[in-house]
Q: 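Take a look at this one; I'll ask things after.
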Amino acid sequence: MGKEMTAWERVQTARDSHRPYASDYISRIFDGFLELHGDRLYGDDRAVIGGIASLDQQYVTVIGQQKGRTTKENRYRNFGMMKPEGYRKALRLMKQAEKFRRPIILFVDTPGAFCGVEAEERGQGEAIARNLFEMAGITVPILTIVIGEGGSGGALALAMGNEVWMLENSVYSILSPEGFAAILWKDAKRAEEAADVMKITAARLQEFGIIEKVIPEPEPVDVEKMEAIVEILKAEIRNFLERYQEKRADEIVEERYRRFREMGAPQLQ
C-alpha cells in the first residue's frame with residue numbers, strides 16, 4: 001500500500017461509505033441466506049441483520065451490524081447503531097444456533113450502540129450486558145470479524161467470541177477518537193491525535209493480544225473490489241469451522257472463558 005497509514009487514516013477508511021458492509025460479505029461468502037426478524041419482545045431492529053446460511057454445505061448462523069450508504073438508507077438502518085431490540089434479536093438468533101448446534105459468525109461494524117432516550121427507556125445497558133453474559137456460556141463456536149468500525153459496547157456485545165478478527169483497515173475502540181479527545185482534552189478537534197494514543201488499529205490490537213487475526217487489505221477494500229477479501233475470509237472461516245468441528249461443548253466454553261481471562265496478560269506483567 002506504499003506509505004504506512006496513520007491510525008486516523010485507518011479510522012477514516014473504516015468509516016468510508018464505499019467500504020463493504022455486513023450484507024455485502026454475507027451475500028458473497030455464504031449460500032442461501034435466510035434472514036430472520038424480531039426479538040420476540042418489542043420489534044425488529046434494522047441496524048442488525050441475521051439468519052441462517054451455509055458454507056460448503058455446513059449451516060451457520062450469521063449476524064451483522066448493517067449501515068446504509070445513502071442518507072435514506074442510513075436512516076432506515078439507524079447508521080448501524082443498534083437499539084435494545086437489536087441486541088435481543090441477535091441473542092435470540094444465537095440461542096437458536098446453540099439449540100441446533102450451528103456455529104455463529106458475527107460481523108461488527110458500528111460507531112456504537114444507539115444512545116437515544118427510547119433506547120435507554122427500553123433497557124439498552126441491560127441488553128448489552130445480557131448479550132455478554134449469555135454469549136460467555138454459549139456452547140457452539142463463535143467467530144467475530146470487525147469489518148469497519150468497532151465502537152464501544154455496541155461492538156463488544158457481538159464480540160464475545162472464541163476468536164475475534166479484524167480487517168486491516170478496521171478499528172476497535174472503547175469510544176470514538178472524537179469522544180476520547182473531548183473527554184480527555186476537552187477538544188474534539190484533537191481526534192487525530194487521540195486515534196494514535198488509543199491504539200485502536202488492527203495491528204496494535206493484535207500486538208496486545210486483543211484479537212487473534214488481521215485480515216490483510218493490500219489496498220483499502222471497497223464494494224467494487226472485494227473479491228480478494230471474500231476469498232481470504234472464506235478460507236479463514238473454513239479453517240475456523242474445521243478447528244472447532246470436533247470440540248466438545250465444554251471445551252468451546254472453556255476456551256472462550258480463558259481467552260477473555262488471559263487477554264493482554266503478557267503486556268500487563
Side-chain angles (χ1 to χ4, degrees), residues 21-27 29-30 33-55 59-68 76-116 118-166 170 172 237 240 252-253 256 260:
Y21 294 148
S23 60
D24 300 309
Y25 287 107
I26 291 171
S27 64
I29 293 173
F30 303 98
F33 177 61
L34 174 65
E35 186 174 359
L36 303 174
H37 297 274
D39 68 345
R40 302 297 186 269
L41 292 169
Y42 179 83
D44 191 39
D45 187 342
R46 301 184 185 110
V48 59
I49 57 176
I52 306 166
S54 65
L55 179 62
Y59 285 102
V60 297
T61 288
V62 185
I63 302 168
Q65 291 164 323
Q66 181 69 26
K67 296 178 179 177
Y76 182 79
R77 297 291 182 183
N78 201 35
F79 296 84
M81 296 183 293
M82 292 165 62
K83 298 175 183 177
E85 53 270 26
Y87 294 105
R88 291 170 182 145
K89 168 184 170 180
L91 181 59
R92 180 178 76 84
L93 297 183
M94 287 188 273
K95 298 297 283 186
Q96 181 195 77
E98 181 180 40
K99 178 179 179 179
F100 293 101
R101 308 306 304 161
R102 291 192 298 265
I104 300 166
I105 314 295
L106 302 165
F107 293 94
V108 165
D109 187 15
T110 182
F114 185 62
C115 56
E118 64 269 37
E120 297 301 325
E121 289 175 340
R122 295 199 291 272
Q124 184 74 290
E126 189 278 338
I128 291 172
R130 175 63 58 180
N131 272 35
L132 297 175
F133 176 80
E134 296 285 357
M135 288 177 72
I138 282 180
T139 57
V140 295
I142 301 173
L143 170 63
T144 296
I145 307 171
V146 184
I147 58 174
E149 288 184 280
S152 191
L156 185 61
L158 294 187
M160 181 66 75
N162 291 86
E163 294 186 16
V164 178
W165 305 347
M166 292 177 66
S170 62
Y172 189 24
I237 293 170
F240 174 86
I252 291 169
V253 174
R256 193 180 305 127
F260 284 92

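Owing to the predicted nature of the structure, the values given are computational and were not obtained by experimental measurement. Values below: every heavy atom of this structure, side chains too, minus hydrogens, waters and symmetry copies.
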Q: Quick one: does Arg88's side chain have a donor or acceptor within less than 3.5 Å of a partner on Gly43's backbone?
A: no
Q: Could you tell me which non-hydrogen atom of Val108 sits nearest to which non-hydrogen atom of Ala155, and how far apart they are?
A: CG1-CB, 3.6 Å
Q: Can you tell if the side chain of Met81 reaches within under 4.5 Å of the side chain of Pro111, non-hydrogen atoms only?
A: yes
Q: Do Arg46 and Tyr76 have side-chain N/O donor and acceptor atoms under 3.5 Å apart?
A: yes
Q: Can you measure from CE (Met82) to CG (Leu158) and round to the nearest 0.5 angstrom?
A: 5.0 Å
Q: Measure the shortest side-chain to side-chain distance between Thr144 and Leu106 over non-hydrogen atoms and say whether it is less than 4.5 angstrom.
A: yes
Q: With a 6.0 Å cut-off (strictly less than), is the heavy-atom count around CZ of Phe133, excluding the residue itself, greater than 12?
A: no
Q: Side chains of Lys89 and Asp44: closer than 4.5 Å at any heavy-atom pair?
A: yes
Q: For the OH atom of Tyr87 and the CZ atom of Arg122, what is their distance to the nearest 0.5 Å?
A: 13.0 Å
Q: Please answer whether the main-chain N or O of Gly80 pairs with a side-chain N or O of Thr110 as donor and acceptor at a distance below 3.5 Å.
A: yes
Q: If I take atom CD1 from residue Ile138 and atom NZ from residue Lys99, how far apart are they, to the nearest 0.5 angstrom?
A: 14.5 Å
Q: Find out whether Met160 and Ile142 are in side-chain contact, i.e. whether some heavy atom of one side chain is under 4.5 Å from a heavy atom of the other.
A: no
Q: Counting only heavy atoms not in Tyr42 (residues, nucleotides, ligands), do more than 12 fall under 6.0 Å from its OH?
A: no
Q: Atom CD1 of Ile145 and atom CD1 of Ile147: how far apart are they, to the nearest 0.5 Å?
A: 8.5 Å
Q: Would you say the side-chain atoms of Asp109 pair up with the backbone N or O of Lys67, donor to acceptor, closer than 3.5 Å?
A: no
Q: Could you tell me which non-hydrogen atom of Asn162 sits nearest to which non-hydrogen atom of Pro141, and how far apart they are?
A: OD1-CA, 3.6 Å
Q: Take a 6.0 Å sphere around CZ of Phe79 and say whether it holds more than 12 heavy atoms from other residues, nucleotides or ligands.
A: yes
Q: Would you mind reporting whether Ile237 and Phe30 have side-chain heavy atoms less than 4.5 Å apart?
A: yes
Q: Can Arg77 and Gln65 be said to form a side-chain hydrogen bond (donor to acceptor under 3.5 Å, both in side chains), step by step?
A: CA-CA 9 Å; Arg77 297 291 182 183; Gln65 291 164 323; over 6 Å; no
Q: Step by step, work out the side chain to side chain contact (heavy atoms under 4.5 Å, CB included) result for Leu156 and Leu132.
A: CA-CA 8 Å; Leu156 185 61; Leu132 297 175; 3.9 Å; yes
Q: To the nearest 0.5 Å, how far apart are CD in Gln66 and CG in Asp45?
A: 11.5 Å
Q: Which atom pair, heavy atoms only, marks the closest approach of Ile128 to Ala157?
A: CG2-CB, 3.8 Å
Q: Specify the closest pair of heavy atoms between Val62 and Ala53, including all atoms of both residues, with the distance to one decimal.
A: CG2-CB, 4.1 Å
Q: Measuring only between side-chain heavy atoms, which start at C-beta, is Ile29 closer than 4.5 Å to Ile105?
A: no
Q: Could you please spell out the steps behind the side chain to side chain contact (heavy atoms under 4.5 Å, CB included) verdict for Asn131 and Leu91?
A: CA-CA 6 Å; Asn131 272 35; Leu91 181 59; 3.5 Å; yes
Q: At their closest point, which heavy atom of Ala22 faces which heavy atom of Gly64, and how far apart are they?
A: CB-CA, 3.8 Å
Q: Would you mind reporting whether Ile104 and Met135 have side-chain heavy atoms less than 4.5 Å apart?
A: no
Q: Of the non-hydrogen atoms in Asp24 and Ser27, which two are nearest, and what is the gap between them?
A: O-OG, 3.1 Å
Q: Under 30°, 30 to 60°, or over 60°: which ring-plane class applies to Phe240 and Trp165, parallel, tilted or perpendicular?
A: perpendicular
Q: Do Arg92 and Arg40 touch side chain to side chain, with heavy atoms closer than 4.5 Å?
A: yes
Q: Starting at OH of Tyr21, measure out to CZ of Phe107 and round the result to the nearest 0.5 Å.
A: 15.5 Å
Q: So, the side chain of Glu35 versus the backbone of Ile49: is there a donor-acceptor pair under 3.5 Å, distance only?
A: no
